[in-house]
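Everything below concerns the one structure shown next.
Note on naming: letters A, B, ... go to the chains in the order of the sequence lines (proteins, then strands), and numbering restarts at 1 for each one. For clarity, every value in this text was computed on a predicted model and none was experimentally measured.
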Protein chains: 2
Amino acid sequence: MTTIYDIAKLANVSPMTVSRVINNNGRVSDKTRAKVKKIMKDLHYVPNSMARSLVLQQSHIITLLITDITNPFYTTVARGAEDAANRNGYKLMFGNTDESLLKEQEYVDTFLSMRVDGVLFAPVGDDSKPHLERLQQNNMPLVLLDREVPGVTADAVIGDSKDGARKLVELLIQQGHTRIALVNGSSHVSTARERLNGYVEALKLNDLPVDPSYVTEWKYNQTGGDREVIRSWMDREDRPTAIFAANNILALETLKLLRSMDVRVPDDISLVSFDDFGQADEVSPFLTVASQPAYQFGVLGMQMLIERIQNNEQPARKLVLPCSLITRASSIPPLHLS
Amino acid sequence: MTTIYDIAKLANVSPMTVSRVINNNGRVSDKTRAKVKKIMKDLHYVPNSMARSLVLQQSHIITLLITDITNPFYTTVARGAEDAANRNGYKLMFGNTDESLLKEQEYVDTFLSMRVDGVLFAPVGDDSKPHLERLQQNNMPLVLLDREVPGVTADAVIGDSKDGARKLVELLIQQGHTRIALVNGSSHVSTARERLNGYVEALKLNDLPVDPSYVTEWKYNQTGGDREVIRSWMDREDRPTAIFAANNILALETLKLLRSMDVRVPDDISLVSFDDFGQADEVSPFLTVASQPAYQFGVLGMQMLIERIQNNEQPARKLVLPCSLITRASSIPPLHLS
DNA sequence: TGGCAATATCATATATCGTGGTCATTCGTT
DNA sequence: AACGAATGACCACGATATATGATATTGCCA
């Protein structure tokens with residue numbers, strides 16, 4: 001591809017003069033400037049940002065790593081982060097780990113080796129710790145998103161999972177449910193632990209028993225969960241009258257499973273969950289959810305990151321965003337009360 | 001950050017030896033290799049891919065540009081492309097244009113200046129032509145996705161929009177509808193033109209009139225559409241009994257609008273559209289759609305791109321993927337027939 | 001068995017990729 | 001002659017390729 005040397009030769013000037021024209025600094029006469037610009041256009045010249053960031057030591061690129069690009073929660077986060085990045089003159093590029101630690105590690109290496117200016121990071125879980133430490137050891141500006149990691153001190157924007165979970169479960173209790181099951185994410189993820197905490201707390205506050213056999217753990221992206229657990233719940237005498245799914249994807253999977261067993265929601269069992277479904281909610285608003293301000297997650301995370309890029313020495317900050325309860329058709333009082 | 005020079009100094013070897021250890025080529029004694037590796041690990045060394053790709057003239061990075069990251073169709077495409085890229089040893093990074101030509105242009109410049117190995121490109125529309133030409137002028141391997149651009153010769157993976165549209169409209173006609181409106185995407189986008197073609201063709205084949213006032217044009221991501229048009233349709237004596245929305249987002253927006261006017265779907269009016277809603281379809285399968293194999297779009301596009309990276313001289317190829325009709329609750333015979 | 005050339009193995013010096021910063025130099029004016 | 005504006009020469013950024021130098025190993029023959 002064309003370089004400043006090619007252009008310099010054609011324009012009968014030195015490469016440095018071309019560089020000056022490109023960056024619009026230093027003194028270049030209008031005549032040579034025009035001549036150089038014309039040749040650049042004719043040759044479809046594009047500056048090589050590899051070479052440029054090699055000498056400038058910065059790329060003006062920020063990356064966002066999410067764990068599930070098909071999850072509307074994360075894509076909405078992405079939109080927020082993108083808008084905030086563009087407003088500040090940064091380009092945003094995305095990576096998707098698919099809840100895989102291996103992919104996460106590879107992306108971390110890619111980001112480090114690309115010398116991006118900063119990373120917005122939704123970690124896979126607690127085992128992401130070495131990856132985060134690797135970023136920090138290399139002094140890479142970093143902001144955690146949605147999930148915290150024990151033992152890692154870093155800026156973070158997270159949701160109030162415990163509070164949201166408690167609100168959901170208390171709603172169910174108010175509706176008369178006493179046997180509430182939980183389809184949770186992996187306990188290696190902070191949000192799953194917090195949601196379990198909120199679930200337990202709501203039960204205890206209302207003097208309801210906490211039955212561990214009513215709690216199961218899947219991965220947040222639903223792969224590899226034990227489908228039989230739900231089946232076994234339905235076979236019990238004291239079958240739960242409501243299920244709390246810890247995120248939107250788990251709620252969908254649960255719903256599918258219930259349908260395949262001819263269990264109707266909400267007639268036979270109520271279902272509530274965390275996170276909306278993006279625009280799809282409009283089709284037929286159905287699930288009662290604790291909704292998180294996804295777009296704001298992205299915007300605020302990006303702002304925090306850009307401040308950290310400007311000064312990586314400041315102490316770590318943590319932002320906890322509230323969730324709001326949206327009551328819809330999927331949760332109703334249990335049969336014996338209606 | 002640490003460089004091979006730092007490591008070389010500590011290991012008492014030359015930078016070149018360190019480079020050999022990193023790339024596992026050339027002959028290095030086991031002793032020095034071990035020594036160098038230890039120091040690299042101690043210093044958390046990460047190779048600088050800017051410097052590397054500067055000399056190697058390749059980055060092993062492929063980028064995918066989509067027009068709406070919150071659209072489940074595109075995120076599913078992304079997952080397919082990602083899987084195919086990883087299988088072939090490439091890293092995939094994403095860009096999102098939000099249906100904006102300006103953002104598209106900026107991403108094109110970024111990709112060119114980053115000297116990525118190839119670009120998978122869902123163009124905003126016909127006006128993307130200069131952007132695509134810019135890529136081609138710089139010899140950047142390129143595969144179009146989902147949308148074609150008149151006057152641009154390039155590899156492409158697209159859906160059979162015309163056929164899908166015809167299938168949808170013919171289903172409505174079979175159900176007894178005769179007044180079918182179309183909420184289309186911009187006529188500057190190839191898929192919108194094809195879907196209009198299919199719509200018109202289905203009407204003509206069934207000896208139904210084509211009324212231009214029953215066709216409106218919005219942007220595919222729904223921003224800036226003229227909401228009043230739909231309102232005016234509903235005010236007419238001969239109000240349409242069915243609406244065909246040209247993609248999932250437009251269908252949602254239409255649905256919202258109808259709801260706000262207390263028009264019920266499907267009781268008062270039927271609604272069909274292109275593209276699924278990802279996992280959200282499971283919540284409550286509702287809309288009748290022409291479904292495109294989104295994941296396959298990504299996989300096949302990526303394979304095509306990788307072949308083009310290996311040989312950019314071969315003639316352009318075009319792959320047209322079929323869509324399948326999924327009949328659901330949103331389309332029923334019109335009132336007067338039931 | 002000793003001696004030396006031939007060969008294989010390991011390591012380094014130097015040039016290069018495309019750009020920007022610094023400082024020296026040239027040019028045109030007054 | 002003197003000054004400021006315009007331009008150029010050279011090096012650095014962090015890596016790799018090539019050619020070459022420095023050892024270690026082997027083979028061969030007297």
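At most 12 non-hydrogen atoms from other residues, nucleotides or ligands lie less than 6.0 angstrom from NE2 of H188(B). Counting non-hydrogen atoms of other residues, nucleotides and ligands closer than 6.0 Å to CZ of R317(B) gives a total above 12.
The phosphate of dG18(C) (OP1 or OP2) has no side-chain N or O of Y45(A) nearer than 4.0 angstrom.
Here E99(A) pairs with R147(A) in a salt bridge; the nearest charged N to carboxylate O distance falls below 4.0 Å. In this structure, K38(B) pairs ionically with D42(B), as a charged nitrogen and a carboxylate oxygen lie closer than 4.0 Å.
With hydrogens and angles disregarded, no donor-acceptor distance shorter than 3.5 Å links the side chain of E82(A) to the backbone of D98(B).
Heavy-atom distances under 4.0 Å link DNA chain D to L54(A), V55(A), Q57(A) of residues 48-63 of chain A, given in residue order. Taking a 4.0 Å limit (strictly below) on heavy-atom distances, residues 10-19 of chain A reaches DNA chain D at N12(A), V13(A), S14(A), M16(A), T17(A).
Checked against Y74(A) for a side chain to side chain donor-acceptor pair (under 3.5 Å), the options D68(A), D146(A), N96(A) give a single hit: D146(A).
Note that the first and last nucleotides of DNA chain D, 5' to 3', having any atom under 4.0 angstrom from a heavy atom of chain A are dA5(D) to dG14(D).
The distance from atom OH of Y5(A) to atom P of dT16(C) is 11 Å, rounded to the nearest whole Å. Spacing between atom CG of L112(B) and atom P of dT19(C) amounts to 13 Å, rounded to whole angstrom units. The CE-C1' distance, from M1(A) to dG18(C), rounds to 11 Å in whole Å.
DNA chain C is contacted by both T2(A) and R20(A); T2(A) maps to the nucleotide lying nearer its 5′ end (nearest heavy atom per residue). Mapping R33(B) and I22(A) onto DNA chain C by nearest heavy atom places R33(B) closer to the 5' end of the strand.
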